Amino acid sequence: MSVLEIRDLHVTVETEEGTTPILNGLDLTVRTGETHAIMGPNGSGKSTLAYTIAGHPKYTVTSGTITLDGEDVLAMTVDERARAGLFLAMQYPVEIPGVTVTNFLRTAKTAIDGEAPAIRTWTKDVKAAMKNLRMDPKFAQRNVNEGFSGGEKKRHEILQLELLKPKIAVLDETDSGLDVDALKIVSEGVNRAKAENDLGVLLITHYTRILRYISPDFVHVMVKGKIVEEGGPELADQLENEGYDRFLDSDAPIEA
């Protein structure tokens, strides 16, 4: 079992107004085999958490720790974090002109495993994963995300997830921009990866609709850069009915 532990994490970002605190003492533990949903209003710090875990240089950790199986994640470069078993599915996947999906996936797999996968088994695995995600085989020869629709980009993110087999996956609003059919396909891919690889999932979302297909073991409410309430799937249903007003309207100090 692998464990991602976040303790008393404080993160800032530089804006036009100067240094702005985003995360304010966040604590979270995610184990392999678990699905954690993080929900919260816009501006609560959900995406900041995702990019901080991945090592985006825009965000500065001022205090606190992130460890994976006891190893200091904050001391790792971005590629070292990937090799250690961390994966980020981005909210807005970027285009990479001149790099085909096939080359991208094989290069990434080689970098993570330390050796190139056998061609015959790798080709079989890629084709099977694409078929499961209802992706046209021709996408393998297209440049990464270039000209892809929103749904195609998200399916490509989950294709990477299934093939690279990380320990912990952070999914940053993977449901954003998906129609119902694409949402089901993407959710099936996440569930498949979890079942086959004992994956730990940190799912960031605004809405409960994806949670109808990816059942969370734990739901965390993030407001003002902290976890302010935790519970099971029933908490997501409560948020769907009540929203976040009871957290936002309160003048009392927020306790994690």
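From a predicted model like this one, the values you see are computed outputs, not experimental measurements.
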**Request:** For Asp217, enumerate each residue passing the salt bridge (Lys or Arg N to Asp or Glu O under 4.0 Å) test, keeping only those at least two apart in sequence or located in another chain.
**Result:** Lys194
**Request:** To the nearest 0.5 angstrom, please state how far the CD atom of Glu80 sits from the CG atom of Leu68.
**Result:** 12.5 Å
**Prompt:** Between Val73 and Ile53, what is the shortest heavy-atom contact and its length?
**Reply:** CG1-O, 4.0 Å
**Item:** Value rounded to 0.5 Å, distance of OG1 in Thr208 from CG in Leu235
**Value:** 11.5 Å
**Prompt:** Regarding Ser187 and Arg212, is there a side-chain donor-to-acceptor distance under 3.5 Å anywhere?
**Reply:** no
**Message:** Within the structure provided, determine whether Ser44 and Lys224 are in side-chain contact (heavy-atom separation under 4.5 Å).
**Reply:** no
**Message:** Show the nearest heavy-atom pair for residues Arg209 and Leu178, with the distance to one decimal.
**Reply:** NH2-O, 2.8 Å
**Request:** Determine, step by step, whether Thr32 and Ile168 satisfy the side-chain contact (heavy atoms from CB on, under 4.5 Å) criterion, reporting the C-alpha distance in whole Å, the side-chain angles of both residues, the deciding distance to 0.1 Å, and the verdict.
**Result:** CA-CA 7 Å; Thr32 48; Ile168 304 290; 4.2 Å; yes
**Asked** For the residue pair Pro233 and Pro216, what are the closest heavy atoms and their distance?
**Response** CG-O, 3.2 Å
**Asked** Is Val61 linked to Ile22 within one hydrophobic cluster, defined over Ile, Leu, Val, Met, Phe, Trp and Tyr using a side-chain heavy-atom separation of less than 4.5 Å?
**Response** yes
**Message:** I'd like to check the side-chain contact (heavy atoms from CB on, under 4.5 Å) partners of Thr19; sequence neighbours left out, ordered by chain and number.
**Reply:** Thr12, Glu14
**Asked** Who passes salt bridge (Lys or Arg N to Asp or Glu O under 4.0 Å) against Lys109, sequence neighbours left out?
**Response** Asp113
Check residues 114-132 and write down every donor-acceptor pair under 3.5 Å in which the side-chain atom is one partner and the other belongs to a residue at least two apart or another chain.
| from | atom 1 | to | atom 2 | distance (Å) |
| --- | --- | --- | --- | --- |
| Thr121 | OG1 | Ala118 | O | 3.2 |
| Thr123 | OG1 | Ile119 | O | 2.9 |
| Asn132 | ND2 | Ala128 | O | 3.3 |

**Message:** Would you say that Phe218 contacts Glu34 through its side chain, given a criterion of any heavy-atom pair below 4.5 Å between the two side chains?
**Reply:** yes
**Request:** Only counting residues at least two apart or in another chain, list the ones meeting side-chain contact (heavy atoms from CB on, under 4.5 Å) with Asp237.
**Result:** none
**Prompt:** According to the salt bridge (charged side-chain N to carboxylate O under 4.0 Å, His left out) rule, which pairs have a member within residues 143-167, sequence neighbours left out?
**Reply:** Asp69-Lys167, Glu162-Arg192
**Asked** Of all residues at least two apart in sequence or in a different chain, which pass the side-chain contact (heavy atoms from CB on, under 4.5 Å) check with Thr67?
**Response** Glu5
Distance-only donor-acceptor pairs under 3.5 Å for side chains of residues 197-206, two or more places apart:
| from | atom 1 | to | atom 2 | distance (Å) |
| --- | --- | --- | --- | --- |
| Asn197 | ND2 | Ala193 | O | 3.4 |
| Thr205 | OG1 | Asp175 | OD2 | 2.8 |
| Thr205 | OG1 | Tyr207 | N | 3.1 |
| Thr205 | OG1 | Tyr207 | O | 3.0 |
| His206 | ND1 | Gly40 | O | 3.2 |
| His206 | NE2 | Asn42 | OD1 | 2.9 |
| His206 | NE2 | Glu173 | OE2 | 3.2 |

**Request:** Locate the shortest heavy-atom distance separating Pro93 from Asn145; write the atom from each residue and the value.
**Result:** CB-ND2, 3.6 Å
**Item:** Approximate separation, where rounding is to 0.5 Å, of Arg81 CZ and Asp79 CG
**Value:** 10.0 Å
**Request:** Spell out, as yes or no, whether a donor-acceptor pair under 3.5 Å connects the side chain of Arg7 to the backbone of Gly64.
**Result:** no
**Message:** Does any part of the side chain of Met39, heavy atoms only, come nearer than 4.5 Å to the side chain of Lys46, both counted from C-beta?
**Reply:** no
**Asked** Would you say the side chain of Thr35 lies within less than 4.5 Å of the side chain of Ile214, judging by non-hydrogen atoms?
**Response** yes
**Item:** Val11 reachable from Met76 in the ILVMFWY side-chain graph, under 4.5 Å edges
**Value:** no
**Hydrophobic cluster partners of Val3 (side-chain heavy atoms under 4.5 Å)** = Met1
**Sub-4.5 Å side-chain heavy-atom contact between Glu229 and Met222** = no
**Request:** Check for a donor-acceptor pair, side chain of Glu234 on one end and backbone N or O of Gly232 on the other, with a separation under 3.5 Å.
**Result:** yes
**Prompt:** Taking atom CG of Asp245 and atom CZ of Phe247, what is their separation to the nearest 0.5 Å?
**Reply:** 10.5 Å
**Step-by-step side-chain contact (heavy atoms from CB on, under 4.5 Å) determination, His36 to Glu230** = CA-CA 10 Å; His36 293 249; Glu230 299 175 313; over 6 Å; no
**Request:** List in chain and number order the residues that pass side-chain contact (heavy atoms from CB on, under 4.5 Å) with Asp72, two or more places apart in sequence or in another chain; answer none if no residue qualifies.
**Result:** Leu74, Ala75
**Request:** Could you walk me through whether Asp172 and Met90 pass side-chain contact (heavy atoms from CB on, under 4.5 Å), step by step?
**Result:** CA-CA 5 Å; Asp172 187 15; Met90 294 182 286; 5.9 Å; no
**Heavy-atom donor-acceptor pair, Asp27 side chain to Asp8 backbone, under 3.5 Å** = yes
**Request:** State, yes or no, whether a side-chain contact exists between Leu4 and Leu28 at a heavy-atom distance under 4.5 Å.
**Result:** no
**Request:** Locate the shortest heavy-atom distance separating Leu88 from Ala54; write the atom from each residue and the value.
**Result:** CD2-CB, 3.7 Å
**Item:** Within residues 58-101 or reaching into it, pairs that qualify as ring-ring contact (aromatic ring centres under 6.0 Å, His included) - sequence neighbours excluded
**Value:** His56-Tyr59
**Asked** Are any non-hydrogen side-chain atoms of Leu49 and Leu9 less than 4.5 angstrom apart?
**Response** yes
**Complete:** For residues 127-154, the ring-ring contact (aromatic ring centres under 6.0 Å, His included) pairs (sequence neighbours left out) are Phe139-Phe148
**Request:** Mind checking the CD1-OG1 spacing from Ile158 to Thr174? Nearest 0.5 Å is all I need.
**Result:** 5.0 Å
**Message:** Please check this pair: side chain of Ser176 against backbone of Gln91, looking for a donor-acceptor N/O pair closer than 3.5 Å.
**Reply:** no
**Message:** Tell me if a side-chain donor or acceptor on Thr15 pairs with a main-chain N or O of Gly18 at a distance below 3.5 Å.
**Reply:** yes
**Request:** Begin from the C-alpha positions of Thr102 and Arg106 and carry the test side-chain contact (heavy atoms from CB on, under 4.5 Å) through to its verdict.
**Result:** CA-CA 6 Å; Thr102 293; Arg106 185 169 168 79; 5.5 Å; no
**Item:** side chain to side chain donor-acceptor pair (under 3.5 Å) assessment of Thr100 paired with Gln141
**Value:** CA-CA 5 Å; Thr100 65; Gln141 301 307 318; 5.1 Å; no
**Item:** Close side-chain approach of Asn143 and Val99, heavy atoms under 4.5 Å
**Value:** no
**Asked** Between Arg142 and Glu95, is there a side-chain N and carboxylate O pair less than 4.0 Å apart?
**Response** no
